[in-house]
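Encoded as C-alpha cells, the structure appears first; notes follow it.
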There are 2 protein chains.
Amino acid sequence: MAKMQKEYNLSKNQQIVFDIIERSSEPVKAYSILYNVKKKGIKAPPQVYRALEKLIKLGKIHKVESKNAFVACKSSNCEISKATAFSICEICEKVTEIANNKLSNFLNSFEDKSGMKYKKYNLEFFGLCKKCKKT
Amino acid sequence: MAKMQKEYNLSKNQQIVFDIIERSSEPVKAYSILYNVKKKGIKAPPQVYRALEKLIKLGKIHKVESKNAFVACKSSNCEISKATAFSICEICEKVTEIANNKLSNFLNSFEDKSGMKYKKYNLEFFGLCKKCKKT
DNA sequence: AACAGTATGTAATAATATAACATTTGAAAG
DNA sequence: CTTTCAAATGTTATATTATTACATACTGTT
Ligand SMILES: [Zn+2]
Ligand SMILES: [Zn+2]
Ligand SMILES: [Zn+2]
Ligand SMILES: [Zn+2]
C-alpha cells in the first residue's frame, strides 16, 4: 500500500520509463529505454530524458555517471539525502547500490579543510565482484 | 626535477592537451580542448580523446564524470591509487580535488557487506562553496 | 635492417543530450 | 462547471560527447 502510494504521482511516461528501469537487472541507457518504449508511444528522446529527470528528482532512480546509465533506487531513503554509492565490477560491469550506514554517516558528516560540508554526493567504487574474483 | 621527469614521457599531443588542462582554472571539456588546439595542428576528436585516455591512465588528469570534463591532478599520488574525490559547487560550478587522508583512508579500506573491497573509486561531493554560501 | 609497440592523422559515424515551440492534461480555485 | 496555472506531452531539429576503422609514422630494441 505504501508502495502504491509512492507511485500514484508518476505520470504516464514517467511510469513507463520507471518500469523499464526497475525491471532491469542492470543499468539502462537512455536510448535503450527509448527503443523499448517505442511500442508504447514514446517516440523521441526528450520524452525519455524528461521522465528520467523527474524520476531522479523524486529519488526513484539514480544515474550511474561513469556509465551514462540509470538504475532504480533500492534503498528508498535516497529521496531525501541525494546521496548515492555504487559498487561497479570492472569485468562483468555489474552495478549494485550500496546501502551502508557507516559509509553514509561518514560521508554525510564529512567536512573538508575549509569547513565545507556537503548535502549531496555520488560515489562509485570499482573492483571485482565475487564471481569475477574467482575466475 | 622530479616534476620534469614525470613529463618527459608525454608525447607531443599528450603534452599539448595536458598543458591546456593544467593551465585552466576549471574543468575543460574535450571539444573545448579540441577547439583550442586546432592552431597546434590537432584537428580531430580522436587525437584529443586518445591523449585524454593516456593522461588519465598516467594519473595526470581526472575526468569529472558528472560534468564530462577534465582536470589536472593536484595531489600526485592518484597515479597509484586511482582514487579521486571532488568538491563541486552547485552554483558557480567550481571543482576542487579533495586531498584528505581521513577520507581516502576510510574509502580505501571500505568493505561492503559481502566483504568486497575496492582499489579504485570516484567520489563527487556537491554543495556550496564559500563564496556562494555568502550570497 | 627488422620488429614491436606506441603514437598520429583522417574521415566517417555512433551515442548521448538539449533547445525550442506547440499542445494537452489535470488538479485546484472561484 | 469553467477558469486558471502548473505539469506533462508531442515533435522537429540540433548540439554535444565519444568511438570505429583504417592508413601512416615514429620510437626504441634486437
Ligand atoms: Zn538509492
Ligand atoms: Zn563481476
Ligand atoms: Zn588526483
Ligand atoms: Zn560556488
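All chains are named by letter (A, B, ...) in the order of the sequence lines, taking the proteins before the strands, and each is independently numbered beginning at 1. Here the structure is a predicted model, which is why all the values come from computation and not from measurement.
Residues B:Gln14 and B:Asn9 approach most closely at OE1-O, 4.0 Å, considering heavy atoms.
The phosphate of D:dA8 has OP1 or OP2 within less than 4.0 Å of a side-chain N or O from A:Lys54. For the pair A:Asn9 and C:dG26, the criterion of a side-chain N or O lying under 4.0 Å from OP1 or OP2 is not met. At least one side-chain nitrogen or oxygen of A:Asn68 sits closer than 4.0 Å to the OP1 or OP2 atom of C:dA17. For the OP1/OP2 pair of D:dT9 and a distance below 4.0 Å, the side-chain nitrogens and oxygens of A:Ser11 include at least one atom meeting the criterion. For C:dT6, the OP1/OP2 oxygens have no side-chain nitrogen or oxygen of B:Asn13 closer than 4.0 Å. The side chain of A:Lys12 places an N or O atom within less than 4.0 Å of a non-bridging phosphate oxygen (OP1 or OP2) of D:dG10. Considering only side-chain N and O atoms, A:Lys63 lies nowhere under 4.0 angstrom from the phosphate OP1 or OP2 of C:dT16. Applying the 4.0 Å criterion to OP1 and OP2 of C:dA15, one finds that A:Lys29 has every side-chain N and O outside that range.
A:Leu10 places its CG atom 15 Å from the P atom of C:dG26, with the value rounded to the nearest Å. In this structure, the CD atom of A:Glu65 is 11 Å from the P atom of D:dA18, given to the nearest Å. One interatomic measurement links the two molecules: CG of A:Leu55 to P of D:dA8, which rounds to 10 Å at whole-angstrom precision. Taking atom CD on B:Gln14 and atom P on C:dT6, their separation rounds to 12 Å, with Å as the unit. The interatomic distance linking A:Arg50 (CZ) with D:dA6 (C1') rounds to 14 Å, in whole Å. One can place CG of A:Leu58 at 12 Å from P of D:dA7, the figure rounded to the nearest angstrom.
Using a 4.0 Å cut-off on heavy atoms, the residues of residues 30-49 of chain B that approach DNA chain D are B:Tyr31, B:Pro45, B:Pro46, B:Tyr49, listed by number.
Here the side chains of A:Asp112 and B:Phe125 are not in contact, with every heavy-atom distance at 4.5 Å or above. Under the 4.5 Å side-chain criterion, counting only non-hydrogen atoms from C-beta, A:Asn122 is not in contact with A:Val64.
Note: the hydrophobic cluster containing B:Leu52 also contains B:Ile16 (ILVMFWY, side chain heavy atoms under 4.5 Å, direct or indirect links).
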Taking distance alone, no hydrogens or angles, what donor-acceptor pairs closer than 3.5 Å link side-chain atoms of residues 35-47 of chain A to residues at least two apart or in another chain?
| from | atom 1 | to | atom 2 | distance (Å) |
| --- | --- | --- | --- | --- |
| A:Asn36 | ND2 | A:Ser32 | O | 2.7 |
| A:Gln47 | OE1 | A:Lys43 | N | 2.9 |
| A:Gln47 | OE1 | A:Ala44 | N | 2.9 |

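Atom OH of B:Tyr49 and atom OH of B:Tyr31 lie 5.0 Å apart (nearest 0.5 Å).
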field: Worked verdict on A:Lys67 versus A:Glu124 for salt bridge (charged side-chain N to carboxylate O under 4.0 Å, His left out)
entry: CA-CA 10 Å; A:Lys67 293 192 166 305; A:Glu124 299 183 6; over 6 Å; no

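Counting any heavy atom pair closer than 4.0 Å across all strands shown, B:Lys67 reaches no nucleic acid atom.
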